[in-house]
Amino acid sequence: MELKKYKLGKILDVTRGASLSGEYYATEGDYIRLTCGNFDYQNNCFKENTSKDNLYYIGEFKPEFLMEKGDIITPLTEQAIGLLGSTAIIPESEKYIQSQDVAKIVCKEDLLDKDFAFYLISSAIVKQQLSAAAQQTKIRHTSPDKIKDCTVWIPELTEQKRIGKLLRTLDSKIELNRAINQNLPTLDRSSIAGEVRRVA
């Protein structure tokens with residue numbers, strides 16, 4: 001399989017979200033503002049942010065910051081070690097607002113498959129480059145330009161599509177297994193012990 005070298009900026013675009021005024025944060029509303037709390041960086045997927053109760057936004061914002069189902073996002077602020085380079089996919093349209101701590105990844109479709117891009121951004125080679133280039137403050141930051149400056153090696157588009165589809169299928173199976181495990185009824189240990197004695 002032949003790989004071609006690119007700067008990410010040649011095969012995708014990265015846009016920063018809106019600066020949202022805190023005076024319009026609310027505990028209920030029609031739109032939820034995305035934060036770094038929406039990244040499950042250990043499993044590299046989207047999660048609902050349950051750490052805050054003022055996640056709704058009731059102020060005005062530009063329509064381009066309203067996310068669509070399937071949009072790929074990545075954090076611009078490292079509020080937990082390992083967060084930079086994480087990716088997530090928006091699960092629902094017309095619900096989430098892209099805030100300034102969250103970048104949207106837009107693929108150049110003739111060069112980069114969207115599924116492949118999701119895993120490329122969160123790969124070790126990109127994460128290492130983002131970590132090395134991050135501003136060394138108490139909470140480290142990256143930027144759209146630093147993401148676009150990362151160097152990658154990728155196969156041609158047909159192979160990207162094959163790999164992306166395979167990885168997406170595997171992730172779906174892992175997520176299904178995780179959901180099954182979380183929903184299994186918790187058995188009382190004493191009842192299990194009683195059942196073991198009865199069978200014995």
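When all heavy atoms are compared, the tightest approach of I58 to A26 is CG2-CB, 3.9 Å. A pairwise comparison of heavy atoms in M1 and P155 identifies SD-CB, 3.7 Å as the closest pair. For the pair K47 and F39, the tightest heavy-atom approach, listed with the atom from each and the gap, is CE-O, 3.6 Å. Contact detail for D110 and L157: the closest heavy-atom pair is O-CD2, 3.9 Å. Of all heavy-atom pairs spanning A18 and F65, the tightest one is CB-CD1, 3.4 Å. Nearest heavy atom pair, residue Y57 against residue I97, reads CB-CD1, 3.8 Å.
At a threshold of 4.5 Å between non-hydrogen side-chain atoms, the residues R33 and N54 count as touching. The side-chain heavy atoms of Q160 and I11, taken from C-beta on, include no pair separated by under 4.5 Å. Side-chain contact between I105 and V14 is present, with at least one heavy-atom pair separated by less than 4.5 Å. L120 places a side-chain heavy atom less than 4.5 Å from the side chain of L8. Looking at T151 and K5, their side chains come closer than 4.5 Å, going by heavy atoms from C-beta outward. The side-chain heavy atoms of K95 and I32, taken from C-beta on, include a pair separated by under 4.5 Å.
Under the 4.5 Å side-chain heavy-atom criterion for grouping Ile, Leu, Val, Met, Phe, Trp and Tyr, F46 is not connected to I174 through any hydrophobic cluster. The cluster map of Ile, Leu, Val, Met, Phe, Trp and Tyr, joined by side-chain heavy atoms under 4.5 Å apart, puts L20 and L76 in different clusters. One hydrophobic cluster, built from ILVMFWY side chains closer than 4.5 Å, cannot hold both L83 and Y119; they sit in different ones. Linking ILVMFWY side-chain heavy atoms closer than 4.5 Å, directly or via other members, places I121 and L84 in two distinct hydrophobic clusters. A chain of hydrophobic side-chain contacts below 4.5 Å, direct or via other Ile, Leu, Val, Met, Phe, Trp or Tyr residues, connects L112 to V126.
Judged purely by atom type and a 3.5 angstrom limit, D113 uses its side chain to pair as donor or acceptor with the backbone of D115. N44 places a side-chain N or O within 3.5 Å of a backbone atom of T87 that can act as its donor or acceptor partner. Without hydrogens or angle criteria, S143 side chain to K146 main chain gives a donor-acceptor distance under 3.5 Å. Although no hydrogens or angles enter the test, the distance criterion places a donor-acceptor pair under 3.5 Å between the side chain of T74 and the main chain of S86. The backbone N or O of I163 sits nowhere less than 3.5 Å from a side-chain atom of E159 that would complete a donor-acceptor pair. Between the K52 side chain and the T35 main chain, no donor and acceptor come within less than 3.5 Å of each other. At distances below 3.5 Å, at least one donor-acceptor pair connects side-chain atoms of R140 with backbone N or O atoms of S131. Using modelled atom types, one side-chain atom of S99 and one backbone atom of L34 make a donor-acceptor pair closer than 3.5 Å. Side-chain N or O atoms of K104 include none that pairs as donor or acceptor with a backbone N or O of Q98 at under 3.5 Å. In this structure, the side chain of E78 does not engage the main chain of A134 through any donor-acceptor pair within 3.5 Å.
Counting non-hydrogen atoms of other residues, nucleotides and ligands closer than 6.0 Å to CD1 of I81 gives a total of 12 or fewer. In E28, the CD atom is not crowded: 12 or fewer heavy atoms of neighbouring residues, nucleotides or ligands sit closer than 6.0 Å. No more than 12 heavy atoms of other residues, nucleotides or ligands sit less than 6.0 Å from atom CD of E109. Summarising the local packing, NZ of K69 is surrounded by 12 or fewer heavy atoms from other residues, nucleotides or ligands at distances under 6.0 Å. Within a 6.0 Å radius of NZ in K7, more than 12 heavy atoms belonging to other residues, nucleotides or ligands are found. For Y25, the OH atom counts as densely surrounded, since its 6.0 Å shell holds more than 12 non-hydrogen atoms of other residues, nucleotides or ligands.
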List the steps and the verdict of side-chain contact (heavy atoms from CB on, under 4.5 Å) for K10 and L111.
CA-CA 9 Å; K10 295 291 185 182; L111 294 172; 5.7 Å; no

Go through Y31 and F61 one step at a time and tell me if the ring pair (Phe, Tyr, Trp, His ring centres under 6.0 Å) criterion holds.
CA-CA 10 Å; Y31 304 111; F61 60 92; 5.2 Å; yes

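Checked for salt-bridge contact, K148 and D13 meet the test: a charged N lies under 4.0 Å from a carboxylate O.
Y96 and N38 form no side-chain donor-acceptor contact under 3.5 Å, judged by distance and modelled atom types alone.
For the atom pair C150 SG and I125 CD1, the distance stands at 9.0 Å (nearest 0.5 Å). Of the inter-residue distances, the one linking K114 atom NZ with K161 atom NZ reads 11.5 Å to the nearest 0.5 angstrom. Here the CD-OG distance, from E60 to S21, works out to 12.5 Å after rounding to the nearest 0.5 Å. One distance of note links CD of E2 with CD of E156; it measures 9.0 Å at 0.5 Å rounding. Note that CD of E68 and CD1 of I90 are 10.0 Å apart. Values are rounded to the nearest 0.5 Å. Here the OG atom belonging to S19 is positioned 9.5 Å from the CG atom belonging to D101, to the nearest 0.5 angstrom.
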